[in-house]
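Written below as structure tokens is the structure these notes are about.
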Protein chains: 2
Amino acid sequence: METSEAISRAMTVREYDRSKSLDKSSIRKIIDAGRMTASARNMQAWSFIAITDRDLLGKIADLSPSGRHISNAAFAIAVVTDPQNRWSEIDSTRAVQSMTIEAWDLGLGNSWVGSIDRDKVKDLLKIPRNLNILTILPFGFPTKNYKGKKSRKPFDDVAYLNQFGIKFN
Amino acid sequence: METSEAISRAMTVREYDRSKSLDKSSIRKIIDAGRMTASARNMQAWSFIAITDRDLLGKIADLSPSGRHISNAAFAIAVVTDPQNRWSEIDSTRAVQSMTIEAWDLGLGNSWVGSIDRDKVKDLLKIPRNLNILTILPFGFPTKNYKGKKSRKPFDDVAYLNQFGIKFN
């Protein structure tokens with residue numbers, strides 16, 4: 001898919017078509033998109049745990065008030081940050097967006113789950129205590145019901161030229 | 001360009017070839033990539049100021065200890081966040097990465113400038129006091145000297161499967 005199409009169409013998906021199968025190489029490509037992202041001083045203060053185990057996905061869903069749909073995902077990625085690096089959250093967020101766009105190119109949607117019982121999920125995934133979970137991203141193929149229509153503010157409401165409030169055009 | 005190529009190749013660029021000219025439609029495409037990005041509860045708590053005025057670019061460069069190269073950019077984008085929205089920085093960062101990848105597809109590199117005299121730049125760009133500048137992104141065509149070789153941690157150092165520390169493969 002052309003880059004601009006993937007970027008403009010990629011959107012949050014929370015209902016997944018479980019009839020389609022996914023191979024591990026797609027997960028690798030998605031993580032690689034994150035890995036290749038730029039970071040402050042190239043510190044790359046991130047790690048990515050691919051979660052494919054269905055039992056784990058179910059348990060994480062139970063620990064995520066806004067992420068019940070994780071249990072139905074094809075897989076999920078836990079994005080792990082290092083609070084000792086002051087740019088870790090920002091840089092890992094950049095990586096998340098790279099992964100989101102790469103996934104869309106492979107036909108997969110995702111969502112950003114932020115409401116998580118982090119301590120319990122850290123225990124479950126054996127994440128060291130000194131690291132944090134930024135988000136858990138469930139990925140999956142959109143269902144047939146997926147409309148794919150984005151609602152966004154008009155360009156003129158968010159884009160300015162040389163001065164705040166001055167229209168771009 | 002294919003999406004995966006743009007994502008894997010996009011990298012920080014701080015030296016710009018000023019002999020190539022840029023049309024305003026490319027800037028619009030880049031901002032649109034940010035505008036179309038997903039955000040928490042679709043709040044879109046962001047705005048983007050395209051800076052094309054060379055006098056302004058020079059003044060902003062002077063106010064950015066780590067962004068002297070802004071003065072030589074084809075243009076820059078100031079990414080403005082709303083601290084009243086708790087997700088504004090994270091969401092705007094997602095938008096930055098969309099813009100970075102879109103720009104790469106158009107042949108333009110950028111860099112994340114974070115060290116800025118924000119109050120003075122806010123005055124310069126007439127940004128309301130209650131809003132913040134997350135970053136200023138200078139964009140430009142890479143020079144001929146640009147090597148385009150990324151240095152990143154090996155996949156196995158950042159990617160795990162089902163448990164922190166367990167190799168993906």
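Order of the sequence lines fixes the chain letters, A, B, ..., with proteins taken first and strands second; residue numbering starts at 1 for each chain. Fair warning: this is a prediction, and the values are worked out from it, not measured in the lab.
- With chain B as the partner, the residue from A/Lys29, A/Lys126, A/Gln44 showing the most heavy-atom pairs under 4.5 Å is A/Gln44.
- Looking at A/Asn169, the atoms closer than 4.5 Å to chain B (heavy atoms on both sides) sit in the backbone and in the side chain alike.
- The closest side-chain heavy-atom distance from A/Ser8 to B/Asp32 is not below 4.5 Å.
- Options A/Ile51, A/Asn162, A/Thr93 differ in how many heavy-atom pairs under 4.5 Å they form with chain B, and the most are formed by A/Asn162.
- B/Leu134 and B/Ile30 end up in the same hydrophobic cluster when Ile, Leu, Val, Met, Phe, Trp and Tyr side chains are linked at under 4.5 Å.
- Residue with the most contacts toward chain B among A/Glu102, A/Glu89, A/Arg28: A/Arg28 (heavy-atom pairs, distance under 4.5 Å).
- Near-neighbour residues of residues 147-157 of chain A relative to chain B, defined by a heavy atom under 4.5 Å from a heavy atom of that chain, comprise A/Lys150, A/Ser151, A/Arg152, A/Lys153, A/Pro154, A/Phe155.
- A distance of 15.0 Å separates CZ of B/Arg94 from CZ of A/Arg94, quoted to the nearest 0.5 Å.
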Could you please spell out the steps behind the side chain to side chain contact (heavy atoms under 4.5 Å, CB included) verdict for A/Thr3 and B/Trp104? CA-CA 9 Å; A/Thr3 307; B/Trp104 195 262; over 6 Å; no
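- Listed here is the closest heavy atom pair of B/Ser98 and A/Ile101: OG-CD1, 4.0 Å.
- For chain B, the option among A/Ile27, A/Ile49, A/Leu125 with the highest count of heavy-atom pairs below 4.5 Å is A/Ile49.
- With a 4.5 angstrom heavy-atom cutoff, B/Met43 touches chain A only via backbone atoms.
- Linking Ile, Leu, Val, Met, Phe, Trp and Tyr whenever their side-chain heavy atoms come within less than 4.5 Å leaves A/Met36 and A/Trp87 in two separate clusters.
- Clustering ILVMFWY residues whenever any of their side-chain heavy atoms sit less than 4.5 angstrom apart, transitively, puts B/Phe141 in the very cluster that holds B/Ile77.
- Using a 4.5 Å heavy-atom threshold, the side chains of A/Tyr160 and B/Val80 count as separate.
- The choice from B/Ile7, B/Ile127, B/Thr100 that makes the most heavy-atom pairs within less than 4.5 Å of chain A is B/Ile7.
- When side chains are defined from C-beta on, A/Ile90 counts as touching B/Trp112, because their heavy atoms get closer than 4.5 Å.
- A/Thr37 touches chain B through backbone and side chain together, each having a heavy atom under 4.5 Å away.
- When heavy atoms are compared at a cutoff of 4.5 Å, B/Leu57 does not approach chain A at all.
- The backbone N or O of B/Met1 lies less than 3.5 Å from a partner atom in the side chain of A/Glu2, making a donor-acceptor pair.
- Chain B forms more heavy-atom pairs under 4.5 Å with one residue of A/Glu5, A/Lys122, A/Gln163 than with any other, namely A/Gln163.
- Cluster membership for B/Trp46 and B/Leu131, using ILVMFWY side-chain heavy atoms within less than 4.5 angstrom, is not shared.
- For A/Arg9, the CZ atom sits in a loose shell: 12 or fewer heavy atoms of surrounding residues, nucleotides or ligands are nearer than 6.0 Å.
- For a residue to count as touching a neighbouring chain, one of its non-hydrogen atoms must lie under 4.5 Å from one of that chain's; by this rule A/Ile166 does not touch chain B.
- Heavy-atom pairs under 4.5 Å with chain A peak, among B/Pro128, B/Ala10, B/Gly165, B/Ala40, at B/Pro128.
- Under the 4.5 Å side-chain contact rule for hydrophobic residues, A/Val121 and A/Leu56 share a cluster.
- Chain A forms more heavy-atom pairs under 4.5 Å with one residue of B/Thr12, B/Ile31, B/Val158 than with any other, namely B/Val158.
- Neither the backbone nor the side chain of B/Leu106 comes within less than 4.5 Å of any heavy atom of chain A.
- Looking only at side-chain heavy atoms (C-beta outward), B/Leu161 and A/Lys24 come within less than 4.5 Å of each other.
- In this structure, the portions of A/Asp53 lying under 4.5 Å from any heavy atom of chain B include both its backbone and its side chain.
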